[in-house]
Q: 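For reference, the structure I am asking about is given below.
Note that the numbering runs from 1 along the sequence shown for the chain.
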Amino acid sequence: MIYIKVNLLVKSCLRNEKKEYNIRGIYSDKIIKYMEQDTLMIIDLKNYTLERSNNDYKINFDFKKNKVYLNEDDRNFTLDIDLIEIKVLDNYFKVKYKIVDDCFELEVKVIDN
């Protein structure tokens with residue numbers, strides 16, 4: 001498997017906190033990986049999934065099943081996702097979703113390598 005280091009443009013809106021930044025990441029076999037502060041982000045473009053993990057928790061978003069799975073301190077939770085929009089291309093991922101009363105948006109684009 002070949003891993004390619006790439007530049008990414010990341011835009012996110014989590015609970016009205018908007019961010020936009022460029023960051024180095026890895027792109028391989030339709031999987032984008034990058035670090036967001038202390039959290040590893042893994043986007044699987046084939047399976048429409050997003051994983052956020054660090055030392056304290058692991059959150060798996062499955063946008064095909066509209067579920068989010070949270071593992072934290074030996075506790076496991078499953079929540080429903082209200083999927084508003086999703087767009088997935090070979091080097092692009094955009095999703096808007098709602099969990100309970102909170103809206104979230106994430107857009108990641110491979111801009112070059």
Q: Report the residues that fulfil side-chain contact (heavy atoms from CB on, under 4.5 Å) with Asp102, sequence neighbours left out, ordered by chain and then residue number.
A: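 side-chain contact (heavy atoms from CB on, under 4.5 Å) check on Asp102 returns Arg15, Phe104.
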Q: For residues 18-42, which residue pairs pass the ring-ring contact (aromatic ring centres under 6.0 Å, His included) check, not counting sequence neighbours?
A: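 Non-adjacent pairs meeting ring-ring contact (aromatic ring centres under 6.0 Å, His included): zero.
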Q: State which residues pass side-chain contact (heavy atoms from CB on, under 4.5 Å) with Cys13; sequence neighbours excluded, sorted by chain then number.
A: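 Lys18, Glu105.
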Q: Would you list the pairs meeting side chain to side chain donor-acceptor pair (under 3.5 Å) in which at least one residue belongs to residues 56-67, sequence neighbours left out?
A: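 Qualifying pairs: Thr39-Tyr57, Lys67-Asp80.
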Q: Residues sharing Tyr69's hydrophobic cluster, by side-chain heavy-atom contacts under 4.5 Å among ILVMFWY, directly or via others?
A: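 Under the 4.5 Å side-chain rule, Tyr69 groups with nothing.
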Q: For Lys11, which residues count as a side-chain hydrogen bond (donor to acceptor under 3.5 Å, both in side chains) partner, sequence neighbours excluded?
A: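 Applying side-chain hydrogen bond (donor to acceptor under 3.5 Å, both in side chains) to Lys11 gives none.
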Q: Excluding sequence neighbours, so at least two apart, what forms ring pair (Phe, Tyr, Trp, His ring centres under 6.0 Å) with Tyr92?
A: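 If we apply the ring pair (Phe, Tyr, Trp, His ring centres under 6.0 Å) test to Tyr92, skipping adjacent residues, there are no hits.
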Q: So do the side chains of Val110 and Ile32 get within less than 4.5 Å of each other, counting heavy atoms only?
A: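 Yes; the side chains approach each other to less than 4.5 Å.
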Q: My understanding is that only residues two or more places apart in sequence, or in another chain, count here; which of them pass side-chain hydrogen bond (donor to acceptor under 3.5 Å, both in side chains) with Asp90?
A: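 Per chain and number, Asp90 pairs via side-chain hydrogen bond (donor to acceptor under 3.5 Å, both in side chains) with Lys30.
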Q: Examine Ile26 and Met35 and state if one hydrophobic cluster contains both, with Ile, Leu, Val, Met, Phe, Trp and Tyr joined whenever side-chain heavy atoms are less than 4.5 Å apart.
A: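 The answer is no; the residues belong to distinct hydrophobic clusters.
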Q: Measuring only between side-chain heavy atoms, which start at C-beta, is Val95 closer than 4.5 Å to Leu83?
A: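 The answer is yes, as the side chains (C-beta and beyond) meet within the 4.5 Å cut-off.
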Q: Indicate, with yes or no, if Ile31 and Leu40 share a hydrophobic cluster defined by side-chain heavy-atom contacts under 4.5 Å among Ile, Leu, Val, Met, Phe, Trp and Tyr.
A: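 Linked within one cluster.
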Q: Measuring only between side-chain heavy atoms, which start at C-beta, is Ile111 closer than 4.5 Å to Leu8?
A: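 A side-chain contact is absent here, since even the closest heavy-atom pair is not under 4.5 Å.
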Q: With the side chain counted from C-beta on, respond yes when Val10 and Leu106 share a heavy-atom pair under 4.5 Å apart, and no when they do not.
A: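 In contact.
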Q: Please identify each residue that fulfils side-chain hydrogen bond (donor to acceptor under 3.5 Å, both in side chains) with Asn22, with sequence neighbours left out.
A: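 Partners of Asn22 by the side-chain hydrogen bond (donor to acceptor under 3.5 Å, both in side chains) criterion come out as none, since no residue qualifies.
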Q: I'd like to check the salt bridge (charged side-chain N to carboxylate O under 4.0 Å, His left out) partners of Glu17; sequence neighbours left out, ordered by chain and number.
A: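 Applying salt bridge (charged side-chain N to carboxylate O under 4.0 Å, His left out) to Glu17 gives Lys19.
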Q: Just wondering, do Ile99 and Phe61 contact through their side chains at under 4.5 Å, heavy atoms?
A: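 Result yes, sub-4.5 Å side-chain heavy-atom pair found.
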Q: Tell me which donor-acceptor pairs under 3.5 Å the side chains of residues 43-50 have, and how far apart each pair is, sequence neighbours excluded?
A:
{"residue": "Asp44", "atom": "OD1", "partner": "Lys46", "partner atom": "N", "Å": "3.0"}
{"residue": "Asp44", "atom": "OD1", "partner": "Asn47", "partner atom": "N", "Å": "3.1"}
{"residue": "Asp44", "atom": "OD2", "partner": "Asn47", "partner atom": "ND2", "Å": "2.8"}
{"residue": "Lys46", "atom": "NZ", "partner": "Asp29", "partner atom": "OD2", "Å": "3.2"}

Q: In sequence, state the C-alpha distance, the side-chain angles, and the governing distance for Arg52 and Glu36, and then conclude on salt bridge (Lys or Arg N to Asp or Glu O under 4.0 Å).
A: CA-CA 9 Å; Arg52 297 175 53 91; Glu36 183 177 78; 3.1 Å; yes
Q: Could you measure the distance from the CG atom of Leu70 to the CZ atom of Arg75? Nearest 0.5 Å is fine.
A: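 That separation rounds to 8.0 Å.
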Q: Any side-chain heavy-atom pair from Arg24 and Lys5 closer than 4.5 angstrom?
A: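 Yes, side chains in contact.
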Q: Given side chains that start at C-beta, do those of Ile84 and Lys98 come closer than 4.5 Å, heavy atoms only?
A: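 Of all side-chain heavy-atom pairs linking Lys98 with Ile84, at least one is under 4.5 Å.
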Q: Consider only side-chain heavy atoms of I, L, V, M, F, W and Y, link residues closer than 4.5 Å, and tell whether Ile4 and Ile42 are in one cluster.
A: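 No, because Ile4 and Ile42 fall into different hydrophobic clusters, even though each may have its own neighbours under 4.5 Å.
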Q: Apply salt bridge (charged side-chain N to carboxylate O under 4.0 Å, His left out) to Lys96 and list each qualifying residue two or more places apart in sequence or on a separate chain.
A: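 By the salt bridge (charged side-chain N to carboxylate O under 4.0 Å, His left out) rule, Lys96 matches Glu85.
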Q: Are Val6 and Val88 joined in one hydrophobic group, where the rule is that I, L, V, M, F, W and Y side chains link up if heavy atoms are under 4.5 Å apart?
A: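 Yes; Val88 is reachable from Val6 via cluster members.
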